[in-house]
Amino acid sequence: MKIVSWNINSLRLRLPLLERFVKESNPHIICLQETKVVDEDFPLLAAKALGYDFIEFVGEKSYNGVAILSKIPLKKKNVIDVLDYGHKRHISVAFDTKIGEVELHNFYIPAGGDIADVALNLKFDHKLKFIDWMSQYFLSLAQKKKNIIILGDFNIAPKEHDVWSHKQLLKTVSHTPIEVEKLNKMQESLDFIDTHRMFVDDSQKLYSWWSYRAADPLGANKGRRLDHIWATPSLKDCVKEAKVYKDFRAATQPSDHVPIETYFDFLEREAF
DNA sequence: ATGGTTGCTTGGCAA
């Protein structure tokens, strides 16, 4: 079962690219961030036409917005307004597998603005508080034995080789020590496994985002790994493969993020 | 500390 995370940066504008992606990968579940569409205008019919009968979403005008498209039935949809900012940055669902129920949380963590100083930049303050909230949320889950996947645009590249230059980006929001430390603490809350790093050693560069602003970020391969798919240790044996669809950054009218995907082997064979 | 580009929306914000 393939599960995808993609910051699509406007779902309606990117529908043709989403269609191309579905033709290439045909995943069971696609989690989107930055849909940038209010619920009344969500392109439900277009999404269903791609083969996704079970769709959950929450959006707002111009900014943020998250969605989950699925080929298998979803239950327990939940939307959390993290810290009551009114931003649509979280949606979760659950689904059944042969190893039991899996809870899936799709997050769009705040980017945090440009200045890595909470006194000068409220957006950075929001980002740090958002991650603290996530740590606390997962730490305080009543049922610790749940199977949980959390994924999304975390807007943090935590490891040295998750950015093109560790030294040059230490003061750049997305790679500063304070946010990396907080993300690591959040990861420790439920011992989440970074599924892509199961297959790509920490010594190897791995990115999921390339700036729009830089001259030729893809050619120079100056990227960052801002998107992540994490799973609780209970799911580790199910993780068989992880991919980054780098080619989608070179598409016509691309998102600045590309789809990332993890293959979990926990579907009933008969189901497909 | 800026600048650079993109998307939504049509001036300016967010990324």
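Given the structure is predicted, the values throughout are model-derived calculations rather than measurements.
If you take atom P in dA1(B) and the same atom in dG12(B), they sit 24 Å apart, rounded to whole Å. Across the C1' atoms, dT10(B) and dA14(B) are found 16 Å apart, a figure rounded to whole Å. Here the separation of dC8(B) from dG4(B), taken at their P atoms, is 22 Å to the nearest Å.
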**Message:** As a quick check of understanding, evaluate side-chain hydrogen bond (donor to acceptor under 3.5 Å, both in side chains) for Trp209(A) and Asp153(A), giving each step before the final call.
**Reply:** CA-CA 10 Å; Trp209(A) 172 91; Asp153(A) 177 3; over 6 Å; no
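Within residues 208-225 of chain A, the residues approaching DNA chain B are Tyr212(A), Arg213(A), by heavy-atom distance under 4.0 Å. Of the residues in residues 106-118 of chain A, those placing a heavy atom less than 4.0 Å from an atom of DNA chain B are Tyr108(A), Ala111(A), in numerical order. Across residues 156-165 of chain A, not one residue has a non-hydrogen atom less than 4.0 Å from an atom of DNA chain B.
Taking atom NZ of Lys36(A) as the reference point, atom C1' of dT6(B) lies 7 Å away to the nearest angstrom. A straight line from CG of Asp256(A) to P of dG4(B) spans 18 Å, rounded to a whole angstrom. When the C1' atom of dA15(B) is taken as reference, atom NE2 of His257(A) falls 8 Å away, rounded to whole Å. Note: CG (Asn7(A)) to P (dT6(B)) measures 16 Å, nearest angstrom. The distance from atom CZ of Phe124(A) to atom C1' of dA15(B) is 15 Å, rounded to the nearest whole Å. If you take NZ of Lys61(A) and C1' of dC8(B), they are 9 Å apart, rounded to a whole angstrom. If you measure from atom CG of Leu13(A) to atom P of dT6(B), you get 12 Å, rounded to the nearest angstrom. In this structure, Asn64(A) atom CG and dA14(B) atom C1' are separated by 9 Å, rounded to whole Å.
None of Val93(A), Ile150(A), Ile68(A) except one satisfies the side chain to side chain contact (heavy atoms under 4.5 Å, CB included) rule with Asn106(A); the exception is Ile68(A).
Sorted by first then second residue, the salt bridge (charged side-chain N to carboxylate O under 4.0 Å, His left out) pairs that include residues 160-185 of chain A, not counting sequence neighbours, are Lys127(A)-Glu179(A), Asp132(A)-Lys182(A), Asp162(A)-Arg197(A), Asp162(A)-Arg225(A). Pairs engaging residues 58-69 of chain A under the salt bridge (charged side-chain N to carboxylate O under 4.0 Å, His left out) rule: none recorded [sequence neighbours left out].
Remark: Ser62(A) engages no residue in a side-chain hydrogen bond (donor to acceptor under 3.5 Å, both in side chains) (not counting sequence neighbours). The side-chain hydrogen bond (donor to acceptor under 3.5 Å, both in side chains) search around Ser203(A) returns Asp201(A), not counting sequence neighbours. Qualifying side-chain hydrogen bond (donor to acceptor under 3.5 Å, both in side chains) partners for His105(A), counting only residues two or more places apart in sequence or in other chains: His90(A), Glu103(A). Under the rule for a ring pair (Phe, Tyr, Trp, His ring centres under 6.0 Å), Phe199(A) has no partner lying at least two apart in sequence or in another chain. Residues that satisfy the side-chain hydrogen bond (donor to acceptor under 3.5 Å, both in side chains) test with Tyr207(A), not counting sequence neighbours, are absent from this structure. Here Ala111(A) pairs with Asn155(A) under the side chain to side chain contact (heavy atoms under 4.5 Å, CB included) rule; sequence neighbours left out.
Closest contact between the side chain of Lys123(A) and the listed nucleotides dA15(B), dC8(B), dG7(B) involves dA15(B).
Remark on DNA chain B: of its neighbouring residues Glu34(A) and Ser62(A), the 5'-side contact belongs to Ser62(A), judged by nearest-heavy-atom nucleotide.
Interatomic distance, Met186(A) CE to Phe138(A) CZ, rounded to the nearest 0.5 Å: 7.0 Å.
If you chain together ILVMFWY residues whose side-chain heavy atoms come under 4.5 Å of each other, Leu122(A) ends up in a group of its own.
Phosphate contact (OP1/OP2 of dG7(B), side-chain N/O of Arg14(A), threshold under 4.0 Å): present. At least one side-chain nitrogen or oxygen of Arg89(A) sits closer than 4.0 Å to the OP1 or OP2 atom of dA15(B).
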